[in-house]
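Letters A, B, ... mirror the listed sequences (proteins, then strands); counts begin at 1. Computed from a predicted model, the values in this text were never measured in an experiment.
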2 protein chains.
Amino acid sequence: MPASTDRLARTLSQHGLRQTPVRRGVLEVLAGAAFALSGSEIEQQLPAGTDRITLYRTLKSFEESGLIHRVIDSSDVVRYAACSIECSAEAHFDNHVHFKCTTCQHIYCLNQVAIPAVTLPAQFQAVSRDYLLAGVCRECQPAG
Amino acid sequence: MPASTDRLARTLSQHGLRQTPVRRGVLEVLAGAAFALSGSEIEQQLPAGTDRITLYRTLKSFEESGLIHRVIDSSDVVRYAACSIECSAEAHFDNHVHFKCTTCQHIYCLNQVAIPAVTLPAQFQAVSRDYLLAGVCRECQPAG
DNA sequence: ACCCAAAAAGTTACAATGTTGCACGTGCAA
DNA sequence: TTGCACGTGCAACATTGTAACTTTTTGGGT
């Protein structure tokens, strides 16, 4: 058993999830992605014939276990990214901004850029925050 | 012709859009909404029998004309809100945070709360920013 | 190594949201 | 008032996601 498979297996068991081919596959795809992926994008990277319903259920259980988080997008699809190492089912530390490239459409997790706080009007209580930037990414900058 | 109809007509013509019953209706619904609405929510508030396809096309042309803007959401549906008065087709001044209530699901435009700036890594150039908070709104706070 | 209960996967069917292509009707300006 | 581009309505369809139900797999206990 290669080391990467071992690592995936450990991550699953640490979050109380059973070892299955689909779960290992989905986790591998998301862990290896440099940016957030939609359900259909993940499906394309999985072995042909992987069941779509099972994929969505896998994403749901991963999200509930704190293994991945949703990344908001200005379009109409939900995208997912692997959580950083310190996430758990109890608390997501998804405190970084996201950046969507308008050229290549990739959504990056800028882990090193924290979401700044805001002061809300009286009687609004926030429990989570999302900050999405759109523009041109590193890879798509015009040469110069 | 009542004053409100006159105002709607003026807004449409200022953005180079024709006067039609559907457009006036959609604009009236969005202008009167205290929070962002999805396509189907708008449809429900329009006269029965209004064509769904026409509605989506209307929303698209409104967005392109700068009359309304998309409000990002952590769910999988796109929501729209009327732009503030100073928006145009060329530039949106949608520089306020949005707040989604996890109890009543409403999305508020907090016009008085500006989006704070962040410093991006080298070679990332942002042109737009979205900041979405989730929590419990004014109306849904437990009494006390 | 085997059994079993629970969990996950697979199948079918369905719902919601949104789009495309085309024919027809209407707002608006000449 | 007439032309016609633009908007509408319709049918069909694509994509994304879910519900109910059955079959298979996983992992713990024996």
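Distance, A:Lys60 NZ to C:dA7 P: 15 Å, rounded to whole Å. Between the OH atom of A:Tyr56 and the P atom of D:dA19 there is a distance of 14 Å, given to the nearest Å. Summarising the geometry, the separation between CD on A:Glu63 and P on D:dG17 is reported as 12 Å, rounded to the nearest angstrom. Put simply, CZ on A:Arg52 is 14 Å from P on D:dA14, counting in whole angstrom units. Summarising the geometry, the separation between CZ on A:Arg79 and C1' on D:dT16 is reported as 13 Å, rounded to the nearest angstrom. The distance between atom CZ of B:Arg24 and atom P of D:dG7, rounded to the nearest whole Å, is 14 Å. Straight-line distance from the CG atom of B:Asp73 to the P atom of C:dG18: 11 Å, rounded to whole Å. Distance A:Glu43 CD to D:dT16 C1': 10 Å, rounded to the nearest Å.
Under a 3.5 Å cut-off, the side chain of A:Gln141 and the backbone N or O of B:Gln123 do form a donor-acceptor pair. Formation of a donor-acceptor pair under 3.5 Å by the B:Thr102 side chain with backbone atoms of B:Gly135 is found in this model. When atom types are taken as modelled, the side chain of B:Gln19 and the backbone of B:Arg24 share no donor-acceptor pair closer than 3.5 angstrom.
Nearest to the side chain of B:Gln19, among D:dT26, C:dC28, D:dG7, sits C:dC28. Comparing D:dT26, D:dC10, D:dC21 by their closest approach to the side chain of A:Thr20 singles out D:dT26. The side chain of B:Ser40 lies closest to C:dT17, out of C:dT17, C:dG10, D:dT18.
Residue-level contact check: B:Ser61 touches neither bases nor backbone, having no heavy atom under 4.0 Å from any strand. Residue contacts shown for B:Ser38 are absent, as no nucleic acid heavy atom lies under 4.0 Å away.
Phosphate proximity of D:dG9 to B:Thr54: present, with a side-chain N or O under 4.0 Å from OP1 or OP2. Look at A:Ser13 and you won't find any side-chain N or O under 4.0 angstrom from OP1 or OP2 of D:dG27.
Side-chain N/O atoms of B:Arg57 and base N/O atoms of C:dG18 include no donor-acceptor pair closer than 3.5 Å. Remark: the B:Arg23 side chain and the D:dG7 base include no donor-acceptor N/O pair separated by less than 3.5 Å.
Aromatic pair A:Phe124/B:Tyr108: centroids less than 6.0 angstrom apart.
When the nearest nucleotides of DNA chain C are assigned to B:Arg18 and B:Ile53 by heavy-atom distance, the more 5′-ward of the two goes with B:Ile53.
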*asked:* Please evaluate residues B:Leu12 and B:Thr20 with respect to the criterion side chain to side chain contact (heavy atoms under 4.5 Å, CB included), reporting the C-alpha separation (whole Å), side-chain torsions for both, the decisive distance (0.1 Å), and the verdict.
replied: CA-CA 9 Å; B:Leu12 286 172; B:Thr20 74; over 6 Å; no
